[in-house]
Amino acid sequence: MNFIIEAVVRAIKELYQTDIAAKDVNLQETRKEFEGQVTLVTFPYTKLSRKGPEQTGTEIGEYLKANVGEIAAYNVIKGFLNISIANSYWLGQLNNNILRDDFAVIPSNGKRVMVEYSSPNTNKPLHLGHVRNNLLGFSLAQILTAAGYDVVKANLVNDRGIHICKSMLAWREFGNGETPESSGLKGDHLAGKYYVWFDKAYKQQITELIEEGQTEEEAKKNAPLIKEAQRMLQQWEAGDSEVMNLWNTMNGWVYEGFDATYKTMGVSFDKYYYESNTYLLGKDIVEEGLEKGVFFKKEDSSVWIDLTEDGLDQKLVLRADGTSVYITQDLGTAQLKYDDYQMDESIYVVGNEQDYHFKVLFLILQKLGKSWAQGLYHLSYGMVDLPSGKMKSREGTVVDADDLMSDMFETAKQQTEAAGKVDGFGEDEKDKLYHTIGMGALKYFLLKVDPKKRLLFDPNESVDFQGHTGPFIQYTHARIKSVLSRAGYNAAATHTQAELDAIERDLIVWLTKFPDTITEAATSHSPAIIANYVYELAKTYNKFYHEKSIMQAESESLKQFRLMLSAASAKVISKAMNLLGIEVPERM
RNA sequence: GGUCCCAUAGCUCAGCUGGAUAGAGCAACAGAUUUCUAAUCUGUCGGUCUCAGGUUCGAAUCCUGAUGGGAUCACCA
């Protein structure tokens with residue numbers, strides 16, 4: 001649309017002897033009820049023309065029509081100049097742009113970006129909140145790759161700490177040597193079982209201590225179980241061989257479980273970081289900060305930074321005993337990541353409950369003068385809520401990721417069989433289809449909403465398969481593929497069509513927007529933009545499909561043209577869904 | 001209490017840097033298949049864009065305040 005913007009700039013200069021910048025020309029989509037594809041709002045130019053909006057619009061429209069070949073017609077309604085672009089332009093877009101192999105292939109921008117996501121704790125299985133995190137992170141990585149970045153997907157595994165010791169301790173005390181093999185439980189679920197077990201027994205002890213007259217605070221500190229867990233953590237830090245063995249064994253089980261979940265979800269990583277390797281990092285940065293005078297030491301020799309001038313508080317960065325806190329290791333890990341990859345941008349996919357933490361973290365790194373600090377970005381996404389409120393793992397109100405996904409496959413199976421869609425499918429093919437559709441429904445459901453917003457999930461109301469959903473879009477793709485194979489479509493055939501109906505033109509208009517949509521999604525870090533785009537595209541195609549017969553087109557050349565348009569639509573739908581991490585079936 | 005985020009149809013959500021009569025899906029109702037997959041399409045119903053001010057030719061969008069909801073303010077991670 002740049003040629004229109006430039007033409008408007010020229011029109012204003014010719015008509016009103018005023019120079020305006022291209023960025024001040026505001027073009028928008030023409031509303032459906034009016035003729036045209038793009039609309040110029042003329043109110044801003046009435047000052048220059050010293051005429052009413054209608055007359056100004058007419059003058060500009062007249063200029064455009066006379067001087068720009070691609071502009072076929074215009075109409076003016078109040079302050080709106082609706083511009084109709086010639087069919088030849090849209091056909092040119094189809095032939096010379098959309099149908100090319102390199103359509104929507106954005107060249108490398110030479111920049112490297114790291115996307116850190118997932119970052120699970122190894123004491124319990126993944127739940128719905130993690131699912132949103134994983135899908136967002138993976139999709140964002142896909143989008144950034146498509147937008148020309150060199151992307152590194154990183155997973156920072158929280159594999160140590162008191163919470164890990166809790167499940168280890170509970171297993172040692174109550175587990176009777178249970179293993180994934182002996183119990184038939186997935187490794188991560190096995191660890192989670194003992195984590196819950198610990199919490200229950202711990203609460204029991206607290207209650208008892210309170211009955212014996214201790215305050216709740218005292219009881220929480222004095223319960224034998226928590227003391228034992230703390231002792232285990234010390235043993236771990238000292239490298240005690242028995243504890244290390246137990247730790248290695250249980251984490252090994254958990255990783256096997258996670259790998260299976262990741263595989264089902266279809267996400268992957270280029271680089272794993274483990275907190276057991278990074279938790280001691282950051283102390284040299286604390287040293288650096290003290291030297292630079294960014295940090296200061298209190299009498300007890302704990303180290304702090306004063307952020308009150310930035311509207312934040314004082315923040316501890318190192319304990320008096322010289323041990324790290326959360327932010328210490330995050331400072332160190334940030335440096336480590338940069339040393340490893342020298343990336344231009346680094347994105348942390350982490351829930352919005354940590355907004356404050358990341359604000360502080362990034363600010364500290366800026367104050368330390370890290371050149372790369374301005375490339376840090378916290379993709380802060382909203383929590384997933386149930387109708388009953390927030391999910392709480394200890395209270396058992398979480399929606400387990402593995403359970404959820406297998407529920408989705410089951411629902412997909414039922415729906416597909418009910419629709420009688422799998423005649424002539426082999427068993428393997430059926431299973432693959434149920435997986436594709438089930439994951440498509442779930443992923444689309446979670447990705448279509450703006451990441452920033454919190455998301456409501458009702459486990460009792462199964463995810464829809466009709467309307468604004470993943471399966472709707474998948475179905476559109478399968479249907480196109482069916483027509484193409486039925487027609488024996490030959491992609492190499494060339495064709496020029498002279499006439500265009502409105503729906504065909506609309507479809508081309510939507511296809512044309514794909515590259516800009518990728519860029520927009522990348523800059524705003526939002527898969528939702530892709531999700532909403534591909535839905536509109538599929539909807540437009542379905543309308544076209546109903547209005548126009550392809551096989552029974554009025555002429556052979558028209559048939560070939562519609563096949564081309566269909567093939568292009570299928571390709572863009574498939575690519576866009578791929579950016580969301582969603583597969584599209586050839587038939588369903 | 002301080003700080004931050006959110007509020008659009010009964011429900012779930014779109015609405016780009018301010019622009020036309022605020023859009024989809026679900027739910028409800030009425031239709032469409034002798035023809036390419038009806039997981040589709042068409043139509044009807046449904047709104048004081050939480051409220052009150054302000055800026056502007058023009059505000060769901062920007063500013064201020066209020067109300068309601070959420071998060072956070074740990075020498076937890």
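In what follows, every chain begins at residue 1, and chains take the letters A, B, ... in the order their sequences are listed. Here the structure is a predicted model, which means the values were calculated and not measured.
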Taking atom P in both U17(B) and A77(B), compute the distance separating them and give it to the nearest angstrom.
39 Å
Report, as a single string ordered 5' to 3', how protein heavy atoms within less than 4.0 Å touch nucleotides 71-77 of chain B: B base, S sugar-phosphate only, - not at all.
SSS-BSB
Charged N to carboxylate O below 4.0 Å: is that the case for Glu216(A) and Lys220(A)?
yes
Interatomic distance at P, C45(B) relative to C57(B), whole Å:
37 Å
Looking only at atom P, what distance separates G10(B) and C51(B), rounded to whole Å?
13 Å
Quick one: Gln314(A) CD to U3(B) P, roughly how many Å, whole number?
18 Å
For Trp304(A), does the six-membered ring have the charged nitrogen or CZ of Lys315(A) within the cation-pi criterion, i.e. under 6.0 angstrom from the centroid and within 45° of the normal?
no
Whole-Å distance between C4(B) P and Asp310(A) CG?
13 Å
For Asn82(A) and Thr30(A), work out which heavy atoms get closest and say how close.
OD1-CG2, 3.8 Å
Rounded to the Å, how far apart are Tyr535(A) OH and G23(B) P?
15 Å
In whole Å, what is the span from the CZ atom of Arg50(A) to the C1' atom of C57(B)?
17 Å
I need the minimum non-hydrogen distance between Pro585(A) and Leu433(A), along with the two atoms involved.
CB-CD1, 3.8 Å
I want to check something: taking the side chain as every heavy atom from C-beta on, are Met588(A) and Gln474(A) in contact at a cut-off of under 4.5 Å?
yes
In dot-bracket notation, what is the pairing pattern of RNA chain B, taking Watson-Crick (N1-N3 plus N6-O4 or O6-N4) and G-U wobble (N1-O2 and O6-N3) contacts under 3.5 Å, with [ ] crossing and | for other strands?
(((((((..((((.....[...)))).(((((.......))))).....(((((..]....))))))))))))....
C1' atoms of G15(B) and U61(B), separation to the nearest Å:
9 Å
Protein-nucleotides 58-60 of chain B N/O pairs closer than 3.5 Å?
none

Which residues share a salt bridge (Lys or Arg N to Asp or Glu O under 4.0 Å) with Lys452(A), sequence neighbours left out
Asp450(A)
Run the ring pair (Phe, Tyr, Trp, His ring centres under 6.0 Å) test against Tyr272(A) and tell me which residues pass, sequence neighbours left out.
Phe269(A)
Got a sec, which residues hit salt bridge (Lys or Arg N to Asp or Glu O under 4.0 Å) with Glu554(A), two or more places apart in sequence or on another chain?
Arg562(A)
Between A9(B) and A24(B), how far apart are the two P atoms, rounded to whole Å?
15 Å
Pick the closest RNA chain B nucleotide for Val483(A) and for Leu312(A) by heavy atoms, then say which residue is nearer the 5' end.
Leu312(A)
Glu410(A) vs Lys413(A), salt bridge (Lys or Arg N to Asp or Glu O under 4.0 Å): CA-CA, chis, key distance, verdict:
CA-CA 5 Å; Glu410(A) 185 53 35; Lys413(A) 184 179 176 182; 5.1 Å; no
Using the salt bridge (Lys or Arg N to Asp or Glu O under 4.0 Å) criterion, which residues pair with Arg587(A)? Sequence neighbours excluded.
Glu429(A)
To the nearest Å, how far apart are Lys452(A) NZ and C5(B) C1'?
10 Å
Between G23(B) and G46(B), how far is it from one P atom to the other, in whole Å?
14 Å
When the C1' atoms of G65(B) and U55(B) are considered, how many whole Å apart are they?
15 Å
Polar-atom pairs under 3.5 Å, protein N or O versus N or O of nucleotides 39-45 of chain B: list them with distances, or write none.
{"residue": "A39(B)", "atom": "OP1", "partner": "Lys421(A)", "partner atom": "NZ", "Å": "2.2"}
{"residue": "A39(B)", "atom": "OP1", "partner": "Tyr475(A)", "partner atom": "OH", "Å": "3.4"}
{"residue": "A39(B)", "atom": "N6", "partner": "Thr416(A)", "partner atom": "OG1", "Å": "3.0"}
{"residue": "U40(B)", "atom": "OP1", "partner": "Gly467(A)", "partner atom": "N", "Å": "3.2"}
{"residue": "U40(B)", "atom": "O2'", "partner": "Arg479(A)", "partner atom": "NH2", "Å": "3.0"}
{"residue": "U40(B)", "atom": "O2'", "partner": "His546(A)", "partner atom": "NE2", "Å": "3.4"}
{"residue": "U40(B)", "atom": "O2", "partner": "His546(A)", "partner atom": "NE2", "Å": "3.0"}
{"residue": "C41(B)", "atom": "O4'", "partner": "His546(A)", "partner atom": "NE2", "Å": "3.3"}

Rounded to whole Å, the NE2-P distance (His378(A) to C5(B)) equals 13 Å
For Lys548(A), what residues pass the salt bridge (Lys or Arg N to Asp or Glu O under 4.0 Å) criterion, not counting sequence neighbours?
Asp501(A)
Applying side chain to side chain donor-acceptor pair (under 3.5 Å), can you list everything that pairs with Asp431(A), at least two apart in sequence or on another chain?
none
Do you know which two heavy atoms are closest between Leu336(A) and Tyr273(A), and how far apart they sit?
CD2-CE2, 3.7 Å
Please report, to 0.1 Å, the donor-acceptor pairs under 3.5 Å made by any side chain of residues 533-544 of chain A, with sequence neighbours excluded.
{"residue": "Tyr533(A)", "atom": "OH", "partner": "Trp510(A)", "partner atom": "O", "Å": "2.7"}
{"residue": "Thr540(A)", "atom": "OG1", "partner": "Glu536(A)", "partner atom": "O", "Å": "2.7"}
{"residue": "Tyr541(A)", "atom": "OH", "partner": "Ser566(A)", "partner atom": "OG", "Å": "2.9"}
{"residue": "Asn542(A)", "atom": "OD1", "partner": "Arg479(A)", "partner atom": "NH2", "Å": "2.8"}
{"residue": "Asn542(A)", "atom": "ND2", "partner": "Thr476(A)", "partner atom": "OG1", "Å": "3.2"}
{"residue": "Asn542(A)", "atom": "ND2", "partner": "Ala538(A)", "partner atom": "O", "Å": "3.4"}

I'd like to know if Asp199(A) and Lys203(A) make a salt bridge, using a cut-off of under 4.0 Å between side-chain N and carboxylate O.
yes
In terms of heavy-atom contacts, Val422(A) and Lys430(A) come closest through O-CE, 4.0 Å
Using the C1' atom in both, what is the distance from C5(B) to A22(B), to the nearest Å?
24 Å
For a ring pair (Phe, Tyr, Trp, His ring centres under 6.0 Å) with Tyr348(A), tell me which candidate from Phe362(A), Tyr381(A), Tyr117(A) qualifies.
Phe362(A)
Output one letter per nucleotide in nucleotides 10-20 of chain B: B when a protein non-hydrogen atom lies under 4.0 Å from the base, S when only the sugar-phosphate is that close, - when neither is.
--SSS----BB
